[in-house]
Each structure stands twice: as C-alpha cells, then as structure tokens.
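Only one structure is covered here, and it is reproduced in the block below.
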Amino acid sequence: MMQYWLMKSEPDAFAINDLYSRPNQTEHWDGVRNYQARNMMRDAMKLGDQVFFYHSNCDEPGIVGIMEVVREGYPDFLAFDLNDQHFDSKSDPARPRWMMVDVKYVKTLARTITLKELKQKAELADFALIRPGNRLSILPVSKKQWDFILSLE
DNA sequence: GCCAACGTTGGC
DNA sequence: GCCAACGTTGGC
C-alpha cells in the first residue's frame, strides 16, 4: 500500500532544484542523524512511496514539490567518511548506525504551499508538521492530508 | 534509570 | 540572532 511522507531540507544545503539537476533526478537522502527519522527510512519507507519536499529554515518555509522513494533503506555511507561533516565514529560498515533512502524528483509544485498557510487549515490540525515543536526531519503524511494539501496548489 | 547539561532544529 | 522544543550524553 502506497504511503506518504514529508522530508525537510534546508534549501541552502539541498533544494528541490538540486534534486532536479542530479543524474536521473535521483539522490540519496543522507545526513539524517535522528533515530526516529532513521527508523522510518529503515523500516517504513517503501519503493514508490510519495514524499513532499519541504524547504526549512529559510525565508518561506513550505512544501515545494514531490519526490518518490526509488531505493529502500540502506546504510548512510557518509557516516563512515572521516572528511564528511556527517561522519559518525559510532557507525561503521559492519554495524551501520544511520540509514538513508534514495529519492527521485517527481514534480515541482506550481507554487510553494507555505507553513504559514498550512497552519491556518482546520483540516490539518493533526498534521505532525504543524504541531508545536516538531523538529523531526521526516514525517508521515496521511492520504487524506496529502490529498488536501495538494488541493491547495 | 534519573536528570542536568548541552547541542540542534527551525520558526520568527 | 533569539529562543522554545526536545533529543542526546554522561555522571551518579
């Protein structure tokens, strides 16, 4: 059964246009160093799942596009790379601590659906993104929420 | 296992 | 740049 997600990225570091210009418009979602988010990538995200691309920590935080899971959870090899800022000495290839998935660009929304706007919708009162203090970088989205958000485009 | 200190996220 | 929320670490 198809599932829906939202993944955050700071556009200064990796924006939807960066995904668009990657070979095959595909990239691995590296750098997640939070166990809850890790568990979702390791256990729950499946091939074909649809994902909102969310720009965080920027002038206009919001949902900017859609991507698709094209490879299920596998070790985040950047955690093994001493020279990478995501290096983690507690993760090694024999016992990888951090996981990632590969995502492929699907589309850019006609406009950014802003956090501000999402907060104002009674239909999204239960949406994890707009609950106070939710800093998880990967969130589940229900089909109902997904369809409603897309109807705003 | 508790909890204080500390670090990070991310909106504003 | 501020700060609230909250995850992680480490002493005990």
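Naming convention: chains lettered A, B, ... in sequence-line order (proteins, then strands); numbering from 1 in each chain.
Straight-line distance from the CG atom of A/N134 to the C1' atom of B/dT9: 11 Å, rounded to whole Å. In this structure, the NE2 atom of A/H55 is 17 Å from the P atom of B/dT9, given to the nearest Å. For A/L136 and C/dG7, the CG to P distance is 7 Å, given to the nearest whole Å. Taking atom CZ of residue A/R38 and atom P of nucleotide C/dG7, one finds them 15 Å apart after rounding to whole Å. Regarding A/I130, its CD1 atom lies at a distance of 11 Å from the P atom of B/dC12, rounded to whole Å. Summarising the geometry, the separation between CG on A/L129 and P on B/dG10 is reported as 10 Å, rounded to the nearest angstrom. The distance from atom CZ of A/R131 to atom P of B/dG11 is 16 Å, rounded to the nearest whole Å. Look at CG on A/N57: it is 13 Å from C1' on C/dC3, rounded to the nearest Å.
Two residues are said to be in side-chain contact when any heavy atoms from C-beta on lie closer than 4.5 Å; A/E72 and A/L47 meet this criterion. You'll find the side chain of A/D30 reaches within 4.5 Å of the side chain of A/H86, heavy atoms only.
Note on A/K8: every side-chain N or O is 4.0 Å or more away from OP1 and OP2 of B/dG11. Phosphate proximity of B/dT9 to A/Y54: absent, as no side-chain N or O sits under 4.0 Å from OP1 or OP2.
You won't find any donor-acceptor pair under 3.5 Å spanning the side chain of A/R33 and the base of B/dT8, going by distance alone.
Distance check, rounded to the nearest 0.5 Å: CZ of A/F52 to CD1 of A/I113 gives 6.5 Å.
Of all the heavy atoms in A/T26 and A/R22, the pair that sits closest is O-CB, 3.4 Å.
A residue-by-residue look at A/R97 and A/R135 shows that A/R135 has its nearest nucleotide of DNA chain C further toward the 5' end.
The closest side-chain donor-acceptor pair between A/R97 and A/Y35 falls under 3.5 angstrom.
Across all strands shown, A/K90 has heavy atoms under 4.0 Å from sugar-phosphate atoms exclusively, and none from any base.
Between B/dC12, C/dG7, C/dT8, one nucleotide has an atom nearer to the side chain of A/Y35 than all others, and that is C/dT8.
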